[in-house]
Amino acid sequence: MNGYHSAVLLEESISGMNLKKNGIYVDATLGGGGHTLKILESNQNLQVFAFDQDEDAIDYTSKIYEQYSDRLKIFNDNFSNLRTRLSLERIKKIDGIIFDLGVSFHQISNPLRGFSYQHDGKLDMRMNKSEKISAYDIINKFPYEKMRTIFFDYGEERESNKIAREIVESRKKKMIRTTGELSEIIEKSIRSHQKLKAKARIFQALRIFINNEINVLKTTLNDAVNILNPGGRLAVLT
Ligand SMILES: C[S@@+](CC[C@H](N)C(=O)[O-])C[C@H]1O[C@@H](n2cnc3c(N)ncnc32)[C@H](O)[C@@H]1O
């Protein structure tokens, strides 16, 4: 565990990647760099290209992994730009790529990022802070129908209609600004013992929509498969 994030399935995922001595690897979701470090340490000749759209991850890893800068290149970018970024580096093929999806411990535990119903903070949830639409915009400006669809499609929340309706009623009285306020509204809108699960599902749905997670993953997985060398490995941790 570094202070930023504790990499999951570290040994399993890296051993499954079957790392080659002089291989070229991509860490699509750098975070605190746990997987990247493990790959770099496996052999001194191997190269890593790492992506993260969150500048907090870049600030953290750029400093602590400076000693690897001759064979580690970090991009503050969405992994959907992988092909362009690699071709600018004159890399046509890679030997492996890892996607460790979701949010980092740093993101989920920081109330200022607004990812969690467990920490009261500003409604946000953008991994890339320069994206235009945040959770605040959806909750305060999106019409009922659009909100309901997001909750249902990305959170599979059965009570999506009740929750979206309650949000619309609440925001008529005053803007909904914090994760705490949104949590209370979700709790209020459903009677069942599923309140906690409903909060988790709604927060997940908002995060997936805001960060366009499904579309970006679909296209990038295709791109990744096309640039893998024969025998190359692709690992996805969800
Ligand atoms: C679960 S964490 C990865 C943790 C990392 N494996 C480690 O060992 O610390 C996921 C990271 O991926 C980043 N991320 C998620 N989707 C991304 C995308 N489409 N493009 C670039 N980075 C992304 C997030 O900002 C977050 O820092």
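In this chain, numbering begins with 1 at the start of the sequence shown.
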S.K.: Are V216 and I208 connected, step by step, through hydrophobic side chains (Ile, Leu, Val, Met, Phe, Trp, Tyr) whose heavy atoms are closer than 4.5 Å?
M.R.: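 No: no chain of side-chain contacts under 4.5 Å links V216 to I208.
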S.K.: Compute whether any side-chain donor of one residue and acceptor of the other, for Q107 and D56, lie under 3.5 angstrom apart.
M.R.: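 Side-chain D/A pair, Q107 to D56: absent.
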S.K.: Taking side chain as C-beta onward, heavy atoms only, is I150 less than 4.5 Å from F142?
M.R.: yes
S.K.: Counting only heavy atoms from other residues, nucleotides and ligands, does the tally under 6.0 Å from CD of E66 exceed 12?
M.R.: no
S.K.: Which value, rounded to the nearest 0.5 Å, describes the distance between K141 atom NZ and Y136 atom OH?
M.R.: 6.0 Å
S.K.: In Å and rounded to the nearest 0.5 Å, what is the CG to CD distance from L40 to Q47?
M.R.: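 Going from the CG atom of L40 to the CD atom of Q47 covers 10.0 Å.
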S.K.: Heavy atoms, side chains only, cut-off 4.5 Å: are L46 and K21 in contact?
M.R.: no
S.K.: For the residue pair D137 / S134, report whether a side-chain donor-acceptor contact shorter than 3.5 Å exists.
M.R.: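 Checked: S134/D137 side chains pair up, N/O donor to acceptor below 3.5 Å.
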S.K.: Of the non-hydrogen atoms in M127 and G102, which two are nearest, and what is the gap between them?
M.R.: CE-O, 3.8 Å
S.K.: Return the orientation label for the F75 and F51 ring planes: parallel under 30°, perpendicular over 60°, tilted otherwise.
M.R.: tilted
S.K.: Return the CG to CG distance between L228 and D223, rounded to the nearest 0.5 Å.
M.R.: 11.0 Å
S.K.: Can you hop from L86 to I74 via hydrophobic side chains spaced under 4.5 Å?
M.R.: no
S.K.: Are F105 and Y4 close enough, and set up right, to give a ring-ring contact (aromatic ring centres under 6.0 Å, His included), and what steps lead you there?
M.R.: CA-CA 6 Å; F105 173 75; Y4 198 91; 8.9 Å; no
S.K.: Check for a donor-acceptor pair, side chain of S13 on one end and backbone N or O of L10 on the other, with a separation under 3.5 Å.
M.R.: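 Yes: the side chain of S13 pairs with the backbone of L10.
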S.K.: Less than 4.5 Å apart, side chain to side chain, heavy atoms only: is that true for N78 and N128?
M.R.: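 They are not in contact (no side-chain heavy atoms under 4.5 Å apart), so the answer is no.
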S.K.: Looking at side-chain heavy atoms only, is the closest gap between K129 and D124 below 4.5 Å?
M.R.: no
S.K.: Is the side chain of Y25 donor-acceptor paired with the backbone N or O of K20 at a distance under 3.5 Å, no angle test?
M.R.: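 Side chain of Y25 to backbone of K20: a pair is present.
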S.K.: If you define the side chain from C-beta out and look only at heavy atoms, does anything of I138 sit under 4.5 Å from L206?
M.R.: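 Yes - at least one pair of side-chain heavy atoms lies under 4.5 Å apart.
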S.K.: Closest heavy-atom contact between H119 and S109?
M.R.: NE2-CA, 3.8 Å
S.K.: With distance as the sole test, does H35 use its side chain to make a donor-acceptor pair with the main-chain N or O of V8 at under 3.5 Å?
M.R.: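 At least one qualifying donor-acceptor pair exists.
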S.K.: Scan E187, E159, E157, E184 and name whichever one has a salt bridge (charged side-chain N to carboxylate O under 4.0 Å, His left out) with K199.
M.R.: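 Passing option: E187.
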S.K.: Quiz question: by atom type and distance under 3.5 Å, do the side chains of N76 and E55 form a donor-acceptor pair?
M.R.: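 N76 vs E55: no donor-acceptor pair found between side chains.
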S.K.: Please examine the side chains of I139 and L182, heavy atoms only from C-beta on, and report whether any two atoms are closer than 4.5 Å.
M.R.: yes
S.K.: Output yes when a side-chain donor or acceptor of E181 lies under 3.5 Å from a complementary backbone atom of R177, and no otherwise.
M.R.: yes
S.K.: Y68 and F49: same hydrophobic cluster, using ILVMFWY side-chain contacts below 4.5 Å?
M.R.: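 As far as the 4.5 Å side-chain criterion goes, F49 and Y68 are not connected within one cluster.
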S.K.: Which distance, rounded to the nearest 0.5 Å, do you find between the CD1 of I108 and the CE of M125?
M.R.: 8.5 Å
S.K.: So which heavy atom on I176 is nearest to which on S170, and how close?
M.R.: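 Here I176 and S170 meet closest at CD1-CB, 4.1 Å.
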S.K.: Between atom OG of S160 and atom CD1 of I202, what is the distance when rounded to the nearest 0.5 Å?
M.R.: 5.0 Å
S.K.: For the ring pair F115 and F203, is the centre-to-centre distance below 6.0 Å?
M.R.: no
S.K.: Given the rule in the side chain to side chain contact (heavy atoms under 4.5 Å, CB included) test, do N161 and Y144 qualify, once you have shown the distances and angles that lead to the verdict?
M.R.: CA-CA 8 Å; N161 51 350; Y144 161 82; 3.2 Å; yes
S.K.: Are more than 12 heavy atoms, taken from residues, nucleotides or ligands other than R85, located less than 6.0 Å from that residue's CZ atom?
M.R.: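 Atom CZ in R85 is crowded, with more than 12 foreign heavy atoms closer than 6.0 Å.
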S.K.: May I ask you to test the L221-V225 pair for a side-chain heavy-atom distance under 4.5 Å?
M.R.: no
S.K.: Could you please spell out the steps behind the salt bridge (Lys or Arg N to Asp or Glu O under 4.0 Å) verdict for K172 and E169?
M.R.: CA-CA 5 Å; K172 282 184 194 157; E169 286 310 309; 3.0 Å; yes
S.K.: Please check if F209 and F151 belong to a single hydrophobic cluster, counting links between Ile, Leu, Val, Met, Phe, Trp and Tyr side chain heavy atoms closer than 4.5 Å.
M.R.: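 The answer is yes; both residues are in one hydrophobic cluster.
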S.K.: Can you check salt bridge (Lys or Arg N to Asp or Glu O under 4.0 Å) on R201 and E156, steps first, answer last?
M.R.: CA-CA 7 Å; R201 291 190 197 112; E156 295 178 0; over 6 Å; no
S.K.: With no hydrogens and no angle check, is any side-chain donor or acceptor of T219 less than 3.5 Å from a backbone partner on N215?
M.R.: yes
S.K.: Does the side chain of N229 reach to within under 4.5 Å of the side chain of I94, using non-hydrogen atoms?
M.R.: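 They are not in side-chain contact.
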S.K.: To the nearest 0.5 angstrom, please state how far the CG atom of L72 sits from the CG atom of L30.
M.R.: 7.5 Å
S.K.: Might you point out which heavy atoms bring Y117 and S183 nearest each other, and give the distance in Å?
M.R.: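 Looking at all heavy atoms of both residues, the closest pair is CB-OG, 3.3 Å.
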S.K.: Please step through side chain to side chain contact (heavy atoms under 4.5 Å, CB included) for the pair V26 and L82, ending with a clear verdict.
M.R.: CA-CA 9 Å; V26 172; L82 180 105; 3.6 Å; yes
S.K.: Please answer whether the main-chain N or O of G121 pairs with a side-chain N or O of T179 as donor and acceptor at a distance below 3.5 Å.
M.R.: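 The answer is yes, because a donor-acceptor pair under 3.5 Å joins these two groups.
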S.K.: Does atom NZ of K73 have more than 12 heavy-atom neighbours, drawn from other residues, nucleotides or ligands, at distances under 6.0 Å?
M.R.: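 Check fails, neighbour count at 12 or below.
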S.K.: Take Y60 and H106 through the test side chain to side chain contact (heavy atoms under 4.5 Å, CB included) and record every step on the way to the result.
M.R.: CA-CA 10 Å; Y60 179 80; H106 170 85; over 6 Å; no
S.K.: Keeping the roles fixed (side chain from D120, backbone from G180), state whether a donor-acceptor pair exists under 3.5 Å.
M.R.: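 Checked: pair present.
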S.K.: Without swapping roles, check the side chain of R113 against the backbone of R126 for a donor-acceptor pair under 3.5 Å.
M.R.: yes
S.K.: Please confirm whether the backbone N or O of T29 pairs with a side-chain atom of D27, one donor and one acceptor, at under 3.5 Å?
M.R.: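 At least one qualifying donor-acceptor pair exists.
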S.K.: Indicate if I190 and F152 have the same hydrophobic cluster label, given that clusters are the connected sets of ILVMFWY residues with side-chain heavy-atom separations under 4.5 angstrom.
M.R.: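 Different clusters: I190 never reaches F152 through Ile, Leu, Val, Met, Phe, Trp or Tyr contacts under 4.5 Å.
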S.K.: Using the rule given for side chain to side chain contact (heavy atoms under 4.5 Å, CB included), can you reason through I227 versus I91, listing the C-alpha separation, both sets of side-chain angles and the distance that settles it, and then say yes or no?
M.R.: CA-CA 9 Å; I227 56 167; I91 303 291; over 6 Å; no
S.K.: Looking only at heavy atoms, what is the nearest atom pair of G31 and D52, with distance?
M.R.: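 Distance-wise, the nearest heavy atoms are N-OD2, 2.9 Å.
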S.K.: Nearest heavy-atom pair of I64 and Q67: which atoms, and what distance?
M.R.: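 I64 and Q67 have their closest heavy atoms at O-NE2, 4.0 Å.
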S.K.: Under 3.5 Å, is there a donor-acceptor pair between the side chain of K93 and the main chain of N226?
M.R.: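 Such a contact is found between K93 side chain and N226 backbone.
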